[in-house]
Amino acid sequence: MSDRVRRIELKEEDRKTLERWIRSSTTEQRLVFRARIILEAGAGSKSLDIAGKLGTSVITVNKWRRRFGKGGLTGLQDAPRSGKTTVYDEETEKRILSLLDEPAPMGYSGWNGRLLAEALGNVSKHQVWRVLRNHGIQLQRRRSWCISTDPEFVPKAADVVGLYLEPPENAVVLCVDEKPAIQALERAQGYIRLPNGGAMLGVGHEYKRHGTTTLFAALDVVTGQVKEGHYKRRRRREFLQFMNEVLTDYGHREIHVILDNLNTHKPKKDRWLAKHENVHFHFTPTHASWLNQVETWFSILSRQAIKGANFTSPQDVRNAIDRFVAVYNRDAAPFEWRKRSVHPVGLKKKYRDLCN
């Protein structure tokens, strides 16, 4: 086939497009190469001269001249390809997902990608992970929940939430609970000098135990103020002793106390309550102590004053807690109840929908 047969007459619009491809830094190099061939051919150059100038073969030059002659600029794009034959089909996906319902192999507590691939035999672990990702399945993730089986969940929860949203006028609402067995752990800690001259704050992995202490706390729902008490144990005796100390701050005002269902909080015959007619106990539903706002304060205390700290005795722990409470109470603010609905089921709605 002669060059005269493959002679190319470039339109001005096509020439500008090809030149723009060459100038652009984002154009794929294969398209830049093909554009140079067509521009040279459009200028009247022969295939042999183009091949020598661009460092390619005459066969390659002729190929793209023919493709451009038949399809124009579109002909310079790669032709559609069938691609690699699909190895895995929908049946493979079903096999992977159904295997998750089976017990894990002996010696393992759960499945992982490698175990699934070995059990299936003819499916790679990469395909297993691909299917799991497509379905949003994360085998390493564990969800925990606590379901309240209290038959009186609704009235108890409504009673507690009602105290948060509309506390009785001129009354005191307290959230009371205990945090038992807080450990006094002595750890080696401080700044470590690094080889590059920098410094890093670190904590040694070894520690020494120096006993435990039990904390009782009462959170005022209206003011956010916290009153604490330290004891060695958490029996009924310690609970009532702490409550007596709390009552001294409020005199004979009407007091509503929110508590969980620990047996030290609710004996069969409560003689202490009979002597304190201005005090009313309100119990959260079974397995729903998260309704008690003092649990939120315990979490704040643990993160900001206890976790990672160094203690050489239970008294050190008590002193650290006292210092934190003193600082906390200076700027204390009440927690704002924003939960729109309270359910006895611990799973969030999106997880409950998945189970249905």
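Both backbone and side-chain heavy atoms feed into the values below; hydrogens, waters and symmetry mates do not.
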Q: For the residue pair Pro168 and Val173, establish whether any side-chain heavy-atom pair is separated by less than 4.5 Å.
A: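 Yes, their side chains come closer than 4.5 Å.
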Q: Closest heavy-atom contact between Ala35 and Leu18?
A: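 Closest approach of Ala35 to Leu18: CB-CD2, 3.7 Å.
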Q: Between Glu118 and Arg114 (salt bridge meaning N to carboxylate O under 4.0 Å), is one present in this structure?
A: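 Yes, this pair counts.
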Q: Please determine, by modelled atom types, if Ser289 and Asn292 share a side-chain donor-acceptor pair under 3.5 angstrom.
A: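 Asn292 and Ser289 do not have a side-chain donor-acceptor pair below 3.5 Å.
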Q: Please check if Val246 and Val279 belong to a single hydrophobic cluster, counting links between Ile, Leu, Val, Met, Phe, Trp and Tyr side chain heavy atoms closer than 4.5 Å.
A: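 The answer is yes; both residues are in one hydrophobic cluster.
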Q: Do you reckon Phe298 sits in the same ILVMFWY cluster as Trp290, going by side-chain contacts under 4.5 Å, direct or chained?
A: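 In one cluster with Phe298: Trp290, no.
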Q: For atom CZ of Arg237, decide whether the heavy atoms of other residues, nucleotides or ligands shown that lie under 6.0 angstrom number more than 12.
A: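 Not more than 12 within 6.0 Å, no.
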Q: Give a yes or no answer on whether the side chain of Ser24 reaches the backbone of Arg20 with a donor-acceptor pair at less than 3.5 Å.
A: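 Judged by distance alone, no pair lies under 3.5 Å.
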Q: Return yes if a side-chain donor-acceptor contact under 3.5 Å exists between Asp316 and Thr312, otherwise no.
A: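 Thr312 and Asp316 do have a side-chain donor-acceptor pair below 3.5 Å.
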Q: Considering only heavy atoms from C-beta outward, does the side chain of Gln293 approach that of Trp337 to under 4.5 Å?
A: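 Gln293 vs Trp337: side chains touch.
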Q: Roughly how far apart are Asn319 CG and Arg323 CZ, rounded to 0.5 Å?
A: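 Here the interatomic distance stands at 6.0 Å.
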Q: Would you say that Ile255 contacts His280 through its side chain, given a criterion of any heavy-atom pair below 4.5 Å between the two side chains?
A: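 No, too far: nothing below the 4.5 Å cut-off.
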Q: Side chains of Ile306 and Phe324: closer than 4.5 Å at any heavy-atom pair?
A: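 They are not in contact (no side-chain heavy atoms under 4.5 Å apart), so the answer is no.
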Q: Quick one, Leu39 and Arg15 - any side-chain contact, counting heavy atoms below 4.5 Å?
A: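 Touching, per the 4.5 Å side-chain cut-off.
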Q: Output yes when a side-chain donor or acceptor of Arg236 lies under 3.5 Å from a complementary backbone atom of Thr264, and no otherwise.
A: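 Yes; judged by distance alone, with no hydrogens or angles, the pair exists.
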Q: If hydrophobic clusters are built from ILVMFWY residues whose side chains come within less than 4.5 Å, do Leu10 and Trp64 share one?
A: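 As far as the 4.5 Å side-chain criterion goes, Trp64 and Leu10 are connected within one cluster.
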Q: Is there a donor-acceptor pair closer than 3.5 Å between any side-chain N or O of Tyr164 and the backbone N or O of Arg338?
A: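 Between the backbone of Arg338 and the side chain of Tyr164 there is no qualifying donor-acceptor contact (under 3.5 Å).
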Q: Pairing donors with acceptors under 3.5 angstrom, does anything connect the side chains of Ser57 and Thr60?
A: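 Their side chains do contain a donor-acceptor pair, which is all the 3.5 Å distance test asks for.
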Q: Could you state whether Leu165 and Phe335 fall into the same hydrophobic cluster, counting links through intermediate Ile, Leu, Val, Met, Phe, Trp or Tyr residues with side-chain heavy atoms under 4.5 angstrom apart?
A: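 Looking at the clustering, Phe335 is in a separate group from Leu165.
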Q: Where is the tightest heavy-atom contact between Ala332 and Gln225, given as atom of each residue plus distance?
A: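 Reported closest heavy-atom pair: CB-NE2, 3.6 Å.
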Q: So if you build clusters from Ile, Leu, Val, Met, Phe, Trp, Tyr with side-chain heavy-atom gaps below 4.5 Å, do Val257 and Leu247 land together?
A: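 Shared cluster, yes.
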Q: Taking salt bridge (Lys or Arg N to Asp or Glu O under 4.0 Å) as the criterion, tell me which of Asp322, Asp249, Asp220 meets it with Lys227.
A: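 Per the salt bridge (Lys or Arg N to Asp or Glu O under 4.0 Å) rule, the option paired with Lys227 is Asp249, out of Asp322, Asp249, Asp220.
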Q: According to the interplanar angle, ranging from 0 to 90°, do the rings of Phe239 and Phe216 count as parallel (below 30°), tilted (30 to 60°) or perpendicular (above 60°)?
A: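 It falls in the tilted class, 30° to 60°.
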Q: Checking the side chain of Thr286 only, and the main-chain atoms of Ser148 only, is there a donor and an acceptor separated by less than 3.5 Å?
A: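 Such a contact is absent between Thr286 side chain and Ser148 backbone.
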Q: Applying salt bridge (charged side-chain N to carboxylate O under 4.0 Å, His left out), run through Lys16 and Glu13 and close with a yes or a no.
A: CA-CA 5 Å; Lys16 291 181 179 180; Glu13 182 180 353; over 6 Å; no
Q: Could you tell me if the ring centre of Phe281 sits under 6.0 Å from that of His265?
A: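 Centroid separation for Phe281 and His265: 6.0 Å or greater.
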Q: Can a side-chain donor-acceptor contact be found between Glu93 and His135 if the only test is distance below 3.5 angstrom?
A: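 Short answer, yes.
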Q: Any sub-3.5 Å donor-acceptor pair from Asp49's side-chain atoms to Ser45's backbone N or O?
A: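 The answer is no, because no donor-acceptor pair under 3.5 Å joins these two groups.
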Q: Do we get Lys266 above Phe283's six-membered ring, with its NZ or CZ under 6.0 Å from the centre and within 45° of the axis?
A: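 The answer is yes; both the distance and angle limits are met.
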Q: Decide whether Arg95 and Asn122 meet the rule of one side-chain donor and one side-chain acceptor closer than 3.5 Å.
A: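 Yes, Asn122 and Arg95 have a side-chain donor paired with an acceptor closer than 3.5 Å.
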Q: Got a second to check how far Leu215's CG is from Lys179's NZ, nearest 0.5 Å?
A: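 Going from the CG atom of Leu215 to the NZ atom of Lys179 covers 8.5 Å.
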Q: Inspect the surroundings of CD in Glu169 and state if more than 12 heavy atoms from other residues, nucleotides or ligands are less than 6.0 Å away.
A: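 Count not over threshold, so no.
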Q: Taking the side chain from Trp111 and the backbone from Glu102, do they hold a donor-acceptor pair closer than 3.5 Å?
A: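 Flag set: sc Trp111 to bb Glu102 pair under 3.5 Å.
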Q: Verify the distance criterion only: is there a donor paired with an acceptor across the side chains of Arg303 and Ser299 at less than 3.5 Å?
A: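 Checked: Arg303/Ser299 side chains pair up, N/O donor to acceptor below 3.5 Å.
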Q: Should Thr212 and Ile182 count as side-chain neighbours, where that means a heavy-atom distance under 4.5 Å?
A: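 Of all side-chain heavy-atom pairs linking Ile182 with Thr212, none is under 4.5 Å.
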Q: Rounded at 0.5 Å granularity, tell me how far CG in Leu120 sits from OH in Tyr88.
A: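 Rounded to the nearest 0.5 Å, the CG-OH separation comes out at 9.5 Å.
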Q: Does a donor on one side chain and an acceptor on the other come within less than 3.5 Å for Ser47 and Arg65?
A: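 On atom types as modelled, these side chains qualify, holding a pair under 3.5 Å.
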Q: Write down the atom of Glu228, the atom of Phe242, and the distance for their closest heavy-atom approach.
A: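 So the minimum-distance heavy-atom pair works out to C-CE1, 3.7 Å.
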Q: Please lay out, stage by stage, how Ser98 and Asp101 fare under the test side-chain hydrogen bond (donor to acceptor under 3.5 Å, both in side chains).
A: CA-CA 6 Å; Ser98 62; Asp101 295 329; over 6 Å; no
Q: Side chains of Val221 and Pro167: closer than 4.5 Å at any heavy-atom pair?
A: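 The answer is no; the side chains never approach within 4.5 Å.
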Q: For Trp272 versus Asn244, what's the shortest heavy-atom pair and its separation?
A: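 Distance-wise, the nearest heavy atoms are NE1-OD1, 2.9 Å.
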Q: Going by distance alone, is a donor N or O of one side chain under 3.5 Å from an acceptor N or O of the other, for Thr214 and Arg234?
A: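 No - no donor-acceptor pair under 3.5 Å links their side chains.
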Q: Report the distance from atom CG of Leu291 to atom CG of Asp159, rounding to the nearest 0.5 Å.
A: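 That separation rounds to 11.0 Å.
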Q: If you look at every heavy atom in Arg253 and Ala171, which pair is closest and at what distance?
A: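 Residues Arg253 and Ala171, closest heavy atoms: NH2-O, 4.0 Å.
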Q: Rounded to the nearest 0.5 Å, what separation is found between the CG atom of Leu259 and the OG1 atom of Thr284?
A: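 Interatomic distance, Leu259 CG to Thr284 OG1, rounded to 0.5 Å: 8.0 Å.
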Q: Which value, rounded to the nearest 0.5 Å, describes the distance between Arg67 atom CZ and Gln77 atom CD?
A: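 Taking CZ in Arg67 and CD in Gln77, the distance rounds to 9.5 Å.
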Q: I want to check something: taking the side chain as every heavy atom from C-beta on, are Leu163 and His282 in contact at a cut-off of under 4.5 Å?
A: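 A side-chain contact exists here, since the closest heavy-atom pair is under 4.5 Å.
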Q: Between Arg34 and Leu76, is there a donor-acceptor pair closer than 3.5 Å when you use the side chain of the first and the backbone of the second?
A: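 The answer is yes, because a donor-acceptor pair under 3.5 Å joins these two groups.
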Q: Which pair of non-hydrogen atoms, one from Ala51 and one from Val58, has the smallest distance, and what is that distance?
A: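 Closest approach of Ala51 to Val58, heavy atoms only: CB-N, 3.8 Å.
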